[in-house]
> 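Have a look at the structure that comes next, please.
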Amino acid sequence: MSMQEMLRIGDDDGRSDALERELKEKLRLRGDASPAKCTRQEQRWRSDHGIVDARERFVQAYGRLRDDLVGDDSCELTDEARRWLAQMIDYNVPGGKLNRGLSVIDSYLLLKQGSEVTEDDFFLACVLGWCVEWFQACALLLDDIMDDSHTRRDQICWYRRPEVGLRGINDGIILKCHILIMIKKYFREKPYFLDLLEIWSEIALQTSLGQMLDLIGTHTGADDLAKYSIEGYRRIVKYKTAYYSFYLPVANALLLSGAKLEDFSGLKDILIEMGIYFQIQDDYLDCFADPNTIGKALGHADNNQIEVLHRNYGKKDSSSVSEVKRTYAALDLKDIFSEFERRCYNHLVTSIEAQKDHAAREILKSFLKKIHQRKK
């Protein structure tokens with residue numbers, strides 16, 4: 001039985017057939033939302049290879065990588081197991097905005113401006129970009145189980161599908177293992193192979209420890225709201241989100257371009273600050289739904305407002321949620337956030353301009369442009 005035949009079996013396998021078209025449409029809409037001029041490298045790819053742009057090549061690489069992993073012979077999988085694996089990957093990996101993976105491509109092209117980028121090198125950038133998306137999928141899948149979430153990316157969480165349940169834990173582990181398979185297959189002979197393994201291992205641990213800090217903080221904070229603080233919140237998002245969402249894509253691009261990570265410590269520090277800024281934005285855009293927002297609120301609340309938060313915080317019924325949101329609104333947290341965003345943006349701009357390396361400045365500007373005053 002061929003791979004394509006396996007992917008077409010079952011009620012959900014029609015999803016695989018249309019997946020590439022869906023991905024291209026997502027990226028087309030994403031491009032329409034922020035119409036930036038393509039880089040010289042992207043223009044060169046258009047003229048030399050007759051493709052629409054770098055984003056389309058990134059999308060095209062997904063199917064090849066997915067099929068390679070489903071067809072991997074390191075384990076004697078049955079046809080049923082391979083169908084499950086294909087469906088699980090399609091359901092969890094490519095459904096988001098793909099910002100993290102595309103950041104590898106964007107950063108790599110900026111680092112290579114003025115130099116030839118071969119088709120093979122571009123594909124390697126796509127591999128590393130999809131590795132980041134695989135990591136994101138693993139983190140979200142497991143986080144949804146731990147948080148008892150219901151939906152993710154406009155569909156029911158994978159583990160809440162009746163045929164999945166807690167089997168989803170093992171699926172998350174498989175997604176993480178796939179990253180090592182891809183890195184070993186495509187980069188084993190590269191001089192930066194060990195550096196790649198090191199940065200991936202380091203950030204995987206930091207992300208897991210950040211998740212642990214979040215789980216501990218949410219558990220203890222629900223019993224004692226005084227334990228929430230902005231310092232604790234920053235610590236959580238720094239390790240749970242900022243490292244893998246902002247630094248990891250650029251670190252991969254740097255290594256692929258032949259750079260040494262130790263030569264770009266300033267770039268790393270600014271990316272981590274951007275990651276914290278991004279997560280605070282995210283929580284704000286969720287209408288203060290993130291539990292850690294309580295730390296900021298408590299710093300401005302009077303005794304009556306604190307009492308309201310104590311009575312209602314952490315409860316899922318609609319009346320309690322409304323009471324908490326009403327208290328947040330009374331505390332003028334929107335104005336506080338606007339002031340925070342202004343100060344943070346000005347600080348980041350100053351820090352970026354202080355970077356001596358032109359490519360580093362351009363990478364940081366591209367990240368900042370994507371997240372500043374975003375609405376979703």
Side-chain angles (χ1 to χ4, degrees), residues 39-42 44-45 48-49 54 57-58 60-62 64-69 72-74 98 100-136 138 175-208 242-272 275 355-364 366-367:
T39 66
R40 287 194 296 272
Q41 289 290 353
E42 287 179 342
R44 186 179 303 162
W45 275 101
D48 292 351
H49 298 274
R57 285 192 68 81
F58 182 66
Q60 291 171 348
Y62 168 77
R64 173 178 169 182
L65 295 172
R66 187 271 319 276
D67 289 353
D68 283 350
L69 290 166
D72 183 71
D73 61 1
S74 59
L98 307 182
R100 292 164 179 82
L102 287 166
S103 292
V104 178
I105 308 297
D106 295 342
S107 300
Y108 179 64
L109 292 177
L110 286 169
L111 288 164
K112 296 295 288 185
Q113 277 192 352
S115 303
E116 179 69 21
V117 176
T118 67
E119 185 173 352
D120 288 344
D121 285 342
F122 192 91
F123 177 72
L124 292 180
C126 291
V127 174
L128 291 175
W130 279 113
C131 282
V132 178
E133 290 296 329
W134 247 263
F135 187 85
Q136 162 84 340
C138 165
L175 290 175
K176 187 174 180 181
C177 292
H178 280 168
I179 297 168
L180 181 59
I181 292 175
M182 288 187 280
I183 290 176
K184 287 173 65 177
K185 177 174 182 177
Y186 291 103
F187 299 96
R188 186 193 294 272
E189 304 302 324
K190 303 296 183 183
Y192 50 85
F193 176 62
L194 290 180
D195 293 322
L196 265 182
L197 292 181
E198 184 175 313
I199 193 64
W200 273 95
S201 297
E202 179 182 317
I203 291 181
L205 176 60
Q206 288 170 323
T207 305
S208 298
Y243 271 97
Y244 92 86
S245 296
F246 282 75
Y247 179 56
L248 182 60
V250 178
N252 278 269
L254 285 168
L255 291 173
L256 182 60
S257 70
K260 296 292 184 181
L261 297 184
E262 56 266 28
D263 295 335
F264 289 85
S265 58
L267 176 65
K268 174 182 177 181
D269 293 341
I270 298 173
L271 286 166
I272 297 303
Q355 293 293 301
K356 296 180 180 179
D357 185 85
H358 173 74
R361 289 198 304 273
E362 293 304 307
I363 289 170
L364 291 167
S366 71
F367 270 87

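In what follows, every heavy atom counts, from backbone to side chain, and hydrogens, waters and symmetry copies are set aside. Values in this document were obtained by computation on a predicted structure and should not be read as measured data.
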> With distance as the sole criterion, is a donor-acceptor pair present between the side chains of Thr118 and Asp120 under 3.5 Å?
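No, because no side-chain N or O of Thr118 sits under 3.5 Å from a partner of the opposite role on Asp120.
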> Measuring from atom CG of Leu197 to atom CZ of Arg188, what distance do you get when rounded to the nearest 0.5 angstrom?
9.5 Å
> Is Ser366 reaching over with its side chain to a backbone N or O of Ile363, donor-acceptor style, under 3.5 angstrom?
yes
> What residues form a salt bridge (Lys or Arg N to Asp or Glu O under 4.0 Å) with Lys190, not counting sequence neighbours?
none
> Does Asp121 reach the side chain of Tyr108, with side-chain heavy atoms less than 4.5 Å apart?
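Of all side-chain heavy-atom pairs linking Tyr108 with Asp121, at least one is under 4.5 Å.
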> Is there a donor-acceptor pair closer than 3.5 Å between any side-chain N or O of Arg100 and the backbone N or O of Ser245?
no
> If you look at every heavy atom in Tyr186 and Arg64, which pair is closest and at what distance?
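For Tyr186 and Arg64, the tightest heavy-atom pair comes out as OH-NE, 3.9 Å.
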> Could you pull out all residues at least two apart from Glu362 that satisfy side chain to side chain contact (heavy atoms under 4.5 Å, CB included)?
Leu110, His358, Lys365
> Find the distance between CG (Leu65) and SG (Cys126) and round it off to the nearest 0.5 Å.
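Atom-to-atom, Leu65:CG and Cys126:SG are 8.5 Å apart.
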> Does any non-hydrogen side-chain atom of Phe122 lie less than 4.5 Å from one of Ile105?
yes
> Roughly how far, to the nearest 0.5 Å, is the OG atom of Ser103 from the CG atom of Leu128?
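Taking CG in Leu128 and OG in Ser103, the distance rounds to 13.0 Å.
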> Could you pull out the closest heavy-atom pair between Ile183 and Cys131, with the gap in Å?
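Nearest pair, atom of Ile183 first, then Cys131: CG1-SG, 4.1 Å.
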> Would a 4.5 Å heavy-atom cut-off, applied to side chains only, mark Glu133 and Tyr62 as touching?
no
> Between Trp134 and Leu69, is there a side-chain heavy-atom distance shorter than 4.5 Å?
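Heavy-atom side-chain distance check passes, below 4.5 Å.
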> Report all side-chain donor-acceptor pairs from residues 246-256 shorter than 3.5 Å, counting only partners two or more places apart or in another chain.
residue, atom, partner, partner atom, Å
Asn252, OD1, Trp200, NE1, 3.0
Asn252, ND2, Leu248, O, 2.7

> Using a strict cut-off of less than 4.0 Å between a Lys/Arg side-chain nitrogen and an Asp/Glu carboxylate oxygen, indicate whether Lys185 and Asp68 qualify as a salt bridge.
yes
> Quick one: CD1 on Ile270 to OG on Ser265, what's the gap to the nearest 0.5 Å?
10.0 Å
> Check whether any side-chain heavy atom of Phe135 lies under 4.5 Å from a side-chain heavy atom of His178, and answer yes or no.
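SC-SC contact between Phe135 and His178 ruled out.
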> Would a 4.5 Å heavy-atom cut-off, applied to side chains only, mark Leu261 and Asp195 as touching?
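Not in contact.
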> Restricting to side chain to side chain contact (heavy atoms under 4.5 Å, CB included), what partner residues turn up for Lys356, sequence neighbours left out?
none
> Does Asp263 have any side chain to side chain contact (heavy atoms under 4.5 Å, CB included) partners at least two apart in sequence or in another chain, and if so, which?
Lys260
> Between atom CD of Gln206 and atom OH of Tyr244, what is the distance when rounded to the nearest 0.5 Å?
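One finds 13.5 Å between CD of Gln206 and OH of Tyr244.
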> Measuring from atom CG of Leu109 to atom OG of Ser115, what distance do you get when rounded to the nearest 0.5 angstrom?
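Separation between the atoms: 11.5 Å.
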> Partners of Phe187 by ring pair (Phe, Tyr, Trp, His ring centres under 6.0 Å), sequence neighbours excluded?
none
